[in-house]
Colleague: 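Quick one: this structure, given as structure tokens, is what I'll be asking you about.
Quantities reported herein were computed from a predicted structural model and do not represent experimental measurements. So that the names make sense, note that chain A is the first sequence line, chain B the second, and so on, each numbered from 1.
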Number of protein chains: 2
Amino acid sequence: MLSEKTVERLSEYRRHLSDLQARGVTHVFSNLLAAETRVTAAQVRRDMMNLGLSGSTATGYSVSDLLEHLAGLLDHPHSTRVALIGTGNLGRALLAFFRARPGKAVIAMAFDSDPEKSNRVCCGCRVYPMDSLEARIREDEIRTAILCVPEQDANAVAQRLVNAGVTGILNFAPTRLKVGDQVYVDTMDISSVIEKVGYYAVRGTRAPGRK
Amino acid sequence: MLSEKTVERLSEYRRHLSDLQARGVTHVFSNLLAAETRVTAAQVRRDMMNLGLSGSTATGYSVSDLLEHLAGLLDHPHSTRVALIGTGNLGRALLAFFRARPGKAVIAMAFDSDPEKSNRVCCGCRVYPMDSLEARIREDEIRTAILCVPEQDANAVAQRLVNAGVTGILNFAPTRLKVGDQVYVDTMDISSVIEKVGYYAVRGTRAPGRK
DNA sequence: TCCAGCTTGTGACATAATTCACAACGTAAG
DNA sequence: CTTACGTTGTGAATTATGTCACAAGCTGGA
């Protein structure tokens with residue numbers, strides 16, 4: 001099992017590798033990949049080692065090899081189709097974002113409790129009423145969800161998602177979700193992050209431990 | 001200088017402490033604060049130690065003391081007034097978010113290159129044209145900015161922000177900003193995060209090292 | 001008064017993450 | 001062929017981060 005930090009780096013490697021491939025580059029050295037991202041060449045090589053990939057001292061790593069392995073790790077059918085809960089400002093921003101930047105992951109369905117918003121199409125995505133959440137998520141075997149509901153509803157909705165089979169939640173509500181240990185939750189707490197940025201901004205420095 | 005992880009925890013402590021204070025609680029034990037967040041009691045005590053704060057074995061830590069010290073660290077005048085660049089879907093979502101949840105940080109001004117959007121008020125915030133960016137940021141001594149512009153513009157705008165005196169950037173463009181080491185950047189890369197969530201979702205587990 | 005039962009503060013330890021540094025490799029040029 | 005150069009793969013060292021465990025503190029009740 002790879003660590004979170006490793007998975008984050010892999011995702012970033014992939015973006016640059018796709019770029020390189022689009023530009024016709026077939027092989028890449030660890031130091032080039034490292035320069036694009038913010039890691040050291042040794043870190044890149046270590047990650048490749050953890051993935052069981054190897055390169056050649058003469059030509060470096062094969063771009064297509066790397067992309068293939070990364071796709072195998074990151075593009076599971078259950079992870080690329082995600083559900084979005086809540087089509088408020090943020091939810092719509094995310095719908096637009098995913099539509100504008102068609103990566104592997106797509107928002108396959110959206111839900112909203114407001115009858116005004118559901119049973120419509122928003123940003124190219126069908127919005128369903130909350131009643132149908134469990135049924136539709138089960139039917140499509142969705143495992144990954146983005147939670148954009150108000151803070152006070154977050155836990156209840158999260159519970160419903162888990163009951164419907166969701167095992168990974170990207171939570172935008174500034175609250176800690178109480179779900180079982182078998183469910184992965186990443187909370188993006190904007191208030192918290194902006195406080196962190198402010199903290200280092202007034203001190204005029206990068207955080208300790210950053211390159 | 002506190003580490004990023006520490007600052008993140010402090011921010012979270014503060015949210016819960018505010019709650020407690022609002023409910024009239026005056027003192028708190030490390031284990032209670034730990035239960036609310038996702039850390040151990042020892043971690044809470046260690047953080048307090050790093051902050052130079054102390055509690056009493058009988059009553060725990062004083063909520064107001066903690067809040068006061070945390071405010072001293074997190075609420076610098078230069079960090080609570082932030083500029084927002086780009087009022088697309090995401091930018092508007094953030095304006096609405098900060099307006100709906102009035103914490104210490106507020107979006108003091110917004111900018112957009114589209115003449116249709118600038119020179120108006122959006123979500124309660126005045127939107128200025130990009131031309132005036134440097135002047136207004138300098139005048140208000142803004143040090144912290146949220147970047148919500150398209151990927152291809154991100155680096156150019158970041159450079160302008162830094163020239164205008166900004167030293168902390170919360171970047172939503174999925175690209176690494178090339179700024180000097182004295183500028184703190186936190187990139188929230190949604191694509192990357194959703195891939196991470198998907199990775200652990202299909203494997204049905206929390207990441208290693210999570211409690 | 002004195003003890004039981006909780007707490008804090010913290011040195012020591014444990015674990016995770018990253019970097020160093022170097023042997024082994026492979027190519028290109030001479 | 002052989003040397004010079006730049007690379008990979010990786011054990012070891014280093015740094016960062018989190019936890020343990022326990023002495024010492026405080027309070028309330030017997």
Side-chain angles (χ1 to χ4, degrees), chain A residues 1-13 17 20 25-63 65-66 69 176 181 184 196 199-200 205-211, chain B residues 1-13 17 20 25-66 69 181 184 196 199-200 205-211:
Chain A
M1 176 69 57
L2 302 170
S3 76
E4 286 187 85
K5 295 223 174 151
T6 303
V7 177
E8 283 165 13
R9 283 195 300 270
L10 296 187
S11 179
E12 196 168 355
Y13 295 157
L17 288 167
L20 290 173
V25 179
T26 61
H27 289 80
V28 65
F29 292 120
S30 63
N31 58 25
L32 173 63
L33 203 47
E36 303 275 354
T37 61
R38 195 198 59 253
V39 300
T40 62
Q43 180 77 76
V44 172
R45 295 201 299 278
R46 177 73 60 189
D47 286 335
M48 296 306 159
M49 199 180 95
N50 291 149
L51 259 58
L53 290 170
S54 63
S56 115
T57 61
T59 58
Y61 299 90
S62 152
V63 171
D65 259 26
L66 262 50
H69 279 257
R176 186 162 301 284
D181 271 11
Y184 177 85
K196 181 174 66 165
Y199 176 85
Y200 292 108
T205 176
R206 295 214 169 186
R210 287 221 175 185
K211 280 138 300 288
Chain B
M1 177 69 56
L2 302 171
S3 77
E4 284 187 87
K5 298 228 175 143
T6 303
V7 177
E8 284 165 13
R9 281 194 302 269
L10 296 187
S11 178
E12 197 167 355
Y13 295 156
L17 288 167
L20 291 173
V25 178
T26 62
H27 289 80
V28 65
F29 293 121
S30 63
N31 59 24
L32 174 63
L33 204 45
E36 301 276 353
T37 60
R38 193 199 60 251
V39 301
T40 61
Q43 179 78 73
V44 172
R45 295 202 300 277
R46 177 73 62 188
D47 285 335
M48 296 307 159
M49 200 180 93
N50 291 150
L51 258 59
L53 291 170
S54 63
S56 116
T57 60
T59 57
Y61 299 90
S62 151
V63 171
S64 57
D65 260 26
L66 262 49
H69 279 258
D181 271 9
Y184 177 83
K196 181 174 65 165
Y199 176 84
Y200 292 108
T205 174
R206 295 216 169 185
R210 286 220 178 187
K211 278 139 300 292

Colleague: Would a distance-only check, ignoring hydrogens and angles, find a side-chain to backbone donor-acceptor pair under 3.5 Å from B:Tyr13 to B:Ala34?
Modeller: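 Judged by distance alone, no pair lies under 3.5 Å.
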Colleague: Specify the separation, in whole Å, of atom CG of A:Asn50 and atom C1' of D:dG11.
Modeller: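 Interatomic distance, CG of A:Asn50 to C1' of D:dG11: 14 Å.
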Colleague: Using heavy-atom distances to pick each residue's nearest nucleotide on DNA chain C, tell me which of B:Met48 and A:Arg9 is more 5'.
Modeller: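 Checking each residue's closest nucleotide, the 5'-ward one belongs to B:Met48.
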Colleague: Does B:Ser30 have any side-chain contact (heavy atoms from CB on, under 4.5 Å) partners at least two apart in sequence or in another chain, and if so, which?
Modeller: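 So B:Ser30 forms a side-chain contact (heavy atoms from CB on, under 4.5 Å) with B:Ala41, B:Val44, B:Arg45, B:Tyr61.
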Colleague: Which pairs with one or both residues in residues 48-63 of chain A pass salt bridge (Lys or Arg N to Asp or Glu O under 4.0 Å), sequence neighbours excluded?
Modeller: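 Sorted result for residues 48-63 of chain A: empty, none.
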Colleague: Suppose we screen for side-chain contact (heavy atoms from CB on, under 4.5 Å). Which residues come up paired with A:His69, at least two apart in sequence or across chains?
Modeller: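 For A:His69, the residues satisfying side-chain contact (heavy atoms from CB on, under 4.5 Å) (neighbours in sequence not counted) are A:Leu53.
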Colleague: For residues 25-37 of chain B, which residues have at least one heavy atom under 4.0 Å from DNA chain D?
Modeller: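 Of all residues in residues 25-37 of chain B, none places a heavy atom under 4.0 Å from DNA chain D.
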Colleague: B:Arg38 has an atom CZ; how far is it from atom C1' of D:dT19, in whole Å?
Modeller: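 So the CZ-C1' distance, B:Arg38 to D:dT19, works out to 15 Å.
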Colleague: Using side-chain contact (heavy atoms from CB on, under 4.5 Å), reason through A:Tyr199 and B:Glu4 one step at a time and then give a plain yes or no.
Modeller: CA-CA 9 Å; A:Tyr199 176 85; B:Glu4 284 187 87; over 6 Å; no
Colleague: If the sugar-phosphate is the primed atoms plus P, OP1 and OP2 and the base is the rest, what is the B/S/- string for nucleotides 20-30 of chain D, using protein heavy atoms under 4.0 Å?
Modeller: -B---BSS---
Colleague: Distance check needed: D:dT17 C1' versus B:Asp47 CG, whole Å only.
Modeller: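 My rounded result for the distance is 11 Å.
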Colleague: Output the rounded distance in Å from NZ (A:Lys5) to P (D:dA16).
Modeller: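 Taking atom P of D:dA16 as the reference, NZ of A:Lys5 is at 11 Å.
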Colleague: The criterion is side-chain hydrogen bond (donor to acceptor under 3.5 Å, both in side chains); which residues satisfy it with B:Ser56, sequence neighbours excluded?
Modeller: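 B:Ser56: side-chain hydrogen bond (donor to acceptor under 3.5 Å, both in side chains) contacts with B:Thr59.
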Colleague: For residues 47-59 of chain B, which residue pairs qualify under salt bridge (Lys or Arg N to Asp or Glu O under 4.0 Å), counting only residues two or more places apart or in two chains?
Modeller: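 Non-adjacent pairs meeting salt bridge (Lys or Arg N to Asp or Glu O under 4.0 Å): B:Arg9-B:Asp47.
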Colleague: Under 4.0 Å between any heavy atoms, over every strand shown, what does B:Thr6 touch: base, sugar-phosphate, or nothing? Just pick one.
Modeller: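 Since no nucleic acid heavy atom lies under 4.0 Å of B:Thr6, the category is nothing.
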Colleague: Based on the rotation axes of five pairs at each end, what angle does the helix from C:dT1-D:dA30 to C:dG30-D:dC1 bend through, to 10°?
Modeller: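 Taking five pairs per end, the axes differ by 10°.
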Colleague: Please enumerate all residues that pass side-chain hydrogen bond (donor to acceptor under 3.5 Å, both in side chains) together with B:Thr37, with sequence neighbours excluded.
Modeller: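 For B:Thr37 there are no side-chain hydrogen bond (donor to acceptor under 3.5 Å, both in side chains) partners, ignoring immediate neighbours.
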Colleague: Return the value, rounded to whole Å, for the distance between atom CG of A:Leu51 and atom P of D:dT10.
Modeller: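 Value for this atom pair: 13 Å.
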Colleague: Rounded to the nearest angstrom, tell me the gap between atom CE in A:Met49 and atom P in C:dC20.
Modeller: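 The answer, rounded to whole Å, is 17 Å.
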Colleague: Once you round it to whole Å, what is the distance between P of C:dT18 and CD of A:Glu4?
Modeller: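 So the CD-P distance, A:Glu4 to C:dT18, works out to 12 Å.
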Colleague: Just jot down the side-chain hydrogen bond (donor to acceptor under 3.5 Å, both in side chains) partners of B:Thr26, sequence neighbours excluded, or say none.
Modeller: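 Partners of B:Thr26 by the side-chain hydrogen bond (donor to acceptor under 3.5 Å, both in side chains) criterion come out as none, since no residue qualifies.
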Colleague: Rounded to whole angstroms, how far apart are CG on B:Leu53 and C1' on C:dT10?
Modeller: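 Going from B:Leu53 (CG) to C:dT10 (C1'), I get 16 Å.
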Colleague: Quick one: salt bridge (Lys or Arg N to Asp or Glu O under 4.0 Å) partners of B:Glu12, sequence neighbours excluded?
Modeller: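 With neighbours one apart ignored, the set is A:Arg176.
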Colleague: Establish, with yes or no, whether the OP1 or OP2 oxygen of C:dA17 is under 4.0 angstrom from a side-chain nitrogen or oxygen of A:Gln43.
Modeller: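 Negative; the distance criterion is not met.
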Colleague: Can you list the residues that meet the side-chain hydrogen bond (donor to acceptor under 3.5 Å, both in side chains) rule with B:Thr57, with sequence neighbours excluded?
Modeller: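 Applying side-chain hydrogen bond (donor to acceptor under 3.5 Å, both in side chains) to B:Thr57 gives none.
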